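Structure first, commentary second.
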Amino acid sequence: MVITVKSEAQTELIDMTSKIQEAVLSAGISSGLCMVYVPHTTAAVTINESADPSVRSDIMMVLNKIIPWKADYRHLEGNSPAHIKSTLVGASELIAVENGKLVLGTWQGIFFCEFDGPRTRKVQLSVVSC
Ligand code: ZN
């Protein structure tokens, strides 16, 4: 199944935990796995703290610092930093499901990472029972 995420900034971490949890519930499985896959070359997915929004802004601040928007990039589209961040953070996460719920730590959330927004993006979810 596919969920849609709408980013509103060039770089942004968007908490999609509740949307994914809803999708897992609608899949009707008790225990299994949920793969979250971002089919984009300038976006990613990561799991990190969702309680304090400062964590996501700190993550983005450091990514923007170590991968500056302007440098001697060769890619003509002009969005090489977004491609590089996408590769570093990664396109997928695999989360266990138990009793119909995503197995996440108390402070963990699943974040869509926008690196070349704002855009409307798709996130592929594959839920399997096992
Ligand atoms: Zn590009």
Side-chain angles (χ1 to χ4, degrees):
M1 67 195 93
V2 172
I3 61 170
T4 300
V5 177
K6 197 170 183 169
S7 61
E8 294 175 352
Q10 185 181 53
T11 58
E12 185 179 9
L13 262 62
I14 299 168
D15 192 339
M16 54 180 175
T17 312
S18 58
K19 272 188 177 181
I20 295 169
Q21 180 60 66
E22 280 173 31
V24 168
L25 280 175
S26 74
I29 68 159
S30 175
S31 71
L33 294 168
C34 175
M35 188 189 68
V36 182
Y37 178 72
V38 172
H40 300 285
T41 60
T42 56
V45 57
T46 192
I47 295 174
N48 214 299
E49 178 170 333
S50 61
D52 180 2
S54 301
V55 173
R56 67 192 85 157
S57 59
D58 286 350
I59 290 169
M60 200 55 88
M61 177 190 72
V62 170
L63 284 173
N64 287 335
K65 198 169 189 174
I66 63 174
I67 307 162
W69 195 257
K70 291 197 175 181
D72 293 331
Y73 302 117
R74 297 179 68 184
H75 178 47
L76 292 176
E77 195 186 8
N79 62 353
S80 278
H83 290 295
I84 294 164
K85 289 172 193 166
S86 171
T87 283
L88 287 180
V89 177
S92 67
E93 292 282 2
L94 187 65
I95 304 126
V97 175
E98 285 180 8
N99 301 315
K101 287 194 164 185
L102 294 163
V103 179
L104 292 169
T106 306
W107 309 111
Q108 285 183 316
I110 307 163
F111 293 92
F112 180 85
C113 307
E114 176 62 79
F115 298 127
D116 194 17
R119 297 189 197 205
T120 299
R121 304 286 207 166
K122 291 185 187 322
V123 177
Q124 178 72 42
L125 304 178
S126 299
V127 181
V128 293
S129 179
C130 57

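Computed from a predicted model, the values in this text were never measured in an experiment.
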Next item on the list: Take Phe115 and Leu63 through the test side-chain contact (heavy atoms from CB on, under 4.5 Å) and record every step on the way to the result.
Entry: CA-CA 10 Å; Phe115 298 127; Leu63 284 173; 3.9 Å; yes
Notebook entry, point to check: What pair of heavy atoms forms the shortest contact from Trp69 to Gly78, and how long is it?
Noted result: CZ2-O, 3.7 Å
Next item on the list: Determine yes or no for a side-chain-to-main-chain donor-acceptor pair under 3.5 angstrom, with Ser86 supplying the side chain and Ala43 the backbone.
Entry: yes
Margin query: I need the Ile95 CD1 to Lys101 NZ distance, nearest 0.5 Å.
Written below: 15.0 Å
Notebook entry, point to check: So how far is it from Ile29 CD1 to Cys130 SG, rounded to the nearest 0.5 Å?
Noted result: 7.0 Å
Notebook entry, point to check: Any donor and acceptor pair, going by atom type alone, linking the side chain of Lys6 with main-chain N or O of Pro118 inside 3.5 Å?
Noted result: no
Note to self: Using side chain to side chain donor-acceptor pair (under 3.5 Å), reason through Thr42 and Arg121 one step at a time and then give a plain yes or no.
What the structure shows: CA-CA 10 Å; Thr42 56; Arg121 304 286 207 166; 2.9 Å; yes
Item checked: Transitive ILVMFWY side-chain link Val36 to Val97, under 4.5 Å -> yes
Next item on the list: Give the minimum heavy-atom separation between Glu93 and Thr46, together with the two atoms involved.
Entry: OE2-CA, 3.5 Å
Item checked: hydrophobic_cluster_shared for Ile3 and Met35, side chain cutoff 4.5 Å -> no
Margin query: Between Ser57 (side chain only) and Ser54 (backbone N and O only), is there a donor and an acceptor less than 3.5 Å apart?
Written below: yes
Margin query: What's the separation between atom OG in Ser31 and atom CD in Glu98, rounded to the nearest 0.5 Å?
Written below: 7.0 Å
Notebook entry, point to check: In the single-linkage hydrophobic clustering (I, L, V, M, F, W, Y; side-chain heavy atoms under 4.5 Å), do Val127 and Tyr37 co-cluster?
Noted result: no
Note to self: Heavy-atom count check: over 12 atoms from other residues, nucleotides or ligands less than 6.0 Å from Trp107 CH2?
What the structure shows: no
Item checked: Heavy-atom pair with the smallest gap, counting every atom of Pro81 and Pro68 -> CG-O, 3.4 Å
Item checked: In one Ile/Leu/Val/Met/Phe/Trp/Tyr side-chain cluster, 4.5 Å: Phe112, Leu102 -> yes
Note to self: Counting only heavy atoms from other residues, nucleotides and ligands, does the tally under 6.0 Å from CG of Leu94 exceed 12?
What the structure shows: yes
Checklist line | Donor-acceptor contact below 3.5 Å, side chain Arg56 vs main chain Ser50 | finding: yes
Next item on the list: Using the rule that two of Ile, Leu, Val, Met, Phe, Trp, Tyr join whenever any of their side-chain heavy atoms come within less than 4.5 Å, decide whether Ile20 and Val89 are in one cluster.
Entry: no
Notebook entry, point to check: Which pair of heavy atoms, one from Gly117 and one from Ser7, lies closest together, and at what distance?
Noted result: CA-OG, 3.9 Å
Next item on the list: Hey, could you give me the CG/NE2 distance between Leu88 and His83, rounded to the nearest 0.5 Å?
Entry: 13.5 Å
Note to self: Looking at every non-hydrogen atom in both residues, tell me the closest pair between Arg119 and Glu114 and how far apart they are.
What the structure shows: CB-OE1, 4.1 Å
Checklist line | Verdict with reasoning, Val123 to Val45, per side-chain contact (heavy atoms from CB on, under 4.5 Å) | finding: CA-CA 9 Å; Val123 177; Val45 57; over 6 Å; no
Notebook entry, point to check: Any idea which heavy atoms bring Pro39 and Lys122 closest together, and the distance?
Noted result: CD-O, 3.2 Å
Notebook entry, point to check: Is atom CG of Asp52 surrounded by more than 12 heavy atoms (other residues, nucleotides or ligands) closer than 6.0 Å?
Noted result: yes
Notebook entry, point to check: Atom CZ of Phe111 and atom CE of Met60: how far apart are they, to the nearest 0.5 Å?
Noted result: 10.5 Å
Note to self: Within this structure, what is the OG1-CG distance for the pair Thr11 and Asn64, rounded to the nearest 0.5 Å?
What the structure shows: 4.0 Å
Item checked: Heavy-atom neighbours of Glu8 CD exceed 12 at 6.0 Å -> no
